[in-house]
Each structure stands twice: as C-alpha cells, then as structure tokens.
Amino acid sequence: MYQFEAVEFIEHVGKADSDENVLGVFYEEADAVKAARVARRAFLASGSKEYAWWVVRVQGARLANFIADSRSDREFMVDLTTGALIEIDPVPAKRNR
C-alpha cells in the first residue's frame, strides 16, 4: 500500500536552492491533495512575493501526482497511463442530494 506525501517548495529571492517541506504523509491521495490546497491558500493569503509550488507524490517518489503553484489558479494531475499532465478543476463538483 502506498503512502502519499504533500510537499511544499518555496524559492527564496537570492537563494539558489528552494526549501522543501513535507506537509504530511497520508494513506489516501485525496487527503494529501487537501493538505496541499490548504497550504497553498495559506501561502497566498500571507501576501508573500516568493514563488512556491505544491506537489502530491507517492512517498519518496521523484514524480508528482498533483501539482499547483503560487502564480496561477491552475492545478494538474499526471495521467499515469500516458505520462501527460491533465489540468483539473480545483473546485470539486457539488454532489446531487
């Protein structure tokens, strides 16, 4: 069984390397995406001018399943059958009750 990690990267002005911060490790990929979205909203609300991005990946992997950044409202997931990036709607559709 895979565990998913939500990771935040921040590029600081004048610093060569970006900071990598694991936000948490989750059994469910959806929970990791939620954590990344919460961290992204908090970063945007902080007013920081630095560039940041968030990914969800299988723990320790070098490829991400979910990608979002601080300069756009766009979010992406990787189609594992083709390797293509697929843009997703960041607001889940409301379920009919």
Side-chain angles (χ1 to χ4, degrees):
M1 177 180 228
Y2 293 117
Q3 290 184 330
F4 298 91
E5 57 186 9
V7 186
E8 175 181 68
F9 297 88
I10 300 176
E11 288 184 7
H12 299 282
V13 176
K15 187 176 175 186
D17 295 326
S18 58
D19 289 340
E20 178 178 341
N21 179 33
V22 176
L23 303 170
V25 177
F26 307 86
Y27 286 105
E28 298 292 331
E29 184 178 21
D31 293 334
V33 170
K34 286 178 192 174
R37 286 177 172 160
V38 167
R40 182 176 180 272
R41 283 192 297 271
F43 180 86
L44 294 174
S46 77
S48 176
K49 300 299 181 200
E50 295 175 309
Y51 179 64
W53 68 98
W54 298 265
V55 302
V56 169
R57 62 189 181 198
V58 173
Q59 191 173 19
R62 302 206 29 97
L63 294 174
N65 298 4
F66 168 86
I67 305 164
D69 71 43
S70 61
R71 293 189 181 152
S72 77
D73 291 334
R74 299 167 70 193
E75 294 182 356
F76 299 90
M77 297 196 83
V78 176
D79 178 340
L80 296 178
T81 60
T82 65
L85 281 178
I86 307 295
E87 187 168 358
I88 59 172
D89 183 357
V91 180
K94 293 182 180 178
R95 293 183 181 176
N96 293 331
R97 293 186 182 236

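Atom set for the values below is all heavy atoms of this structure, side chains included, hydrogens, waters and symmetry mates excluded.
The minimum heavy-atom distance linking Ala6 with Ala32 is given by the pair CB-O, 3.5 Å. In plain terms, the two heavy atoms of Ile10 and Ala52 that are nearest each other are CG1-CB, 3.9 Å. Arg40 approaches Asp73 most closely through the heavy-atom pair NH2-CA, 3.6 Å.
No side-chain heavy atom of Arg57 sits less than 4.5 Å from a side-chain heavy atom of Phe4. Residues Asp19 and Phe9 are not in side-chain contact: their nearest non-hydrogen atoms beyond the backbone lie 4.5 Å or more apart. A 4.5 Å side-chain heavy-atom check between Arg71 and Trp53 finds every atom pair outside the cut-off. Using a 4.5 Å heavy-atom cutoff, the side chains of Glu50 and Lys15 are not in contact. Counting heavy atoms from C-beta outward, Val56 and Phe26 have side chains that stay 4.5 Å or more apart.
Phe76 and Tyr51 fall within a single hydrophobic cluster, where Ile, Leu, Val, Met, Phe, Trp and Tyr are joined by side-chain heavy atoms under 4.5 Å apart, directly or via other members. Hydrophobic cluster membership is shared by Ile88 and Val33, with clusters built from Ile, Leu, Val, Met, Phe, Trp and Tyr side chains linked at under 4.5 angstrom. Taken together through direct or relayed side-chain contacts under 4.5 Å among Ile, Leu, Val, Met, Phe, Trp and Tyr, Ile67 and Leu23 form parts of separate hydrophobic clusters.
By the salt bridge (charged side-chain N to carboxylate O under 4.0 Å, His left out) test, Lys49 pairs with no residue at all, sequence neighbours left out. Every residue meeting the ring pair (Phe, Tyr, Trp, His ring centres under 6.0 Å) condition with Phe43, not counting sequence neighbours, appears here in chain and number order: Trp54. In this view, Glu87 and Arg74 satisfy the side-chain hydrogen bond (donor to acceptor under 3.5 Å, both in side chains) rule, not counting sequence neighbours.
Between Ile86 atom CD1 and Met77 atom CE the span is 10.5 Å, to the nearest 0.5 Å. Atom NE2 of His12 sits about 10.5 Å away from atom CG of Asp17, to the nearest 0.5 Å.
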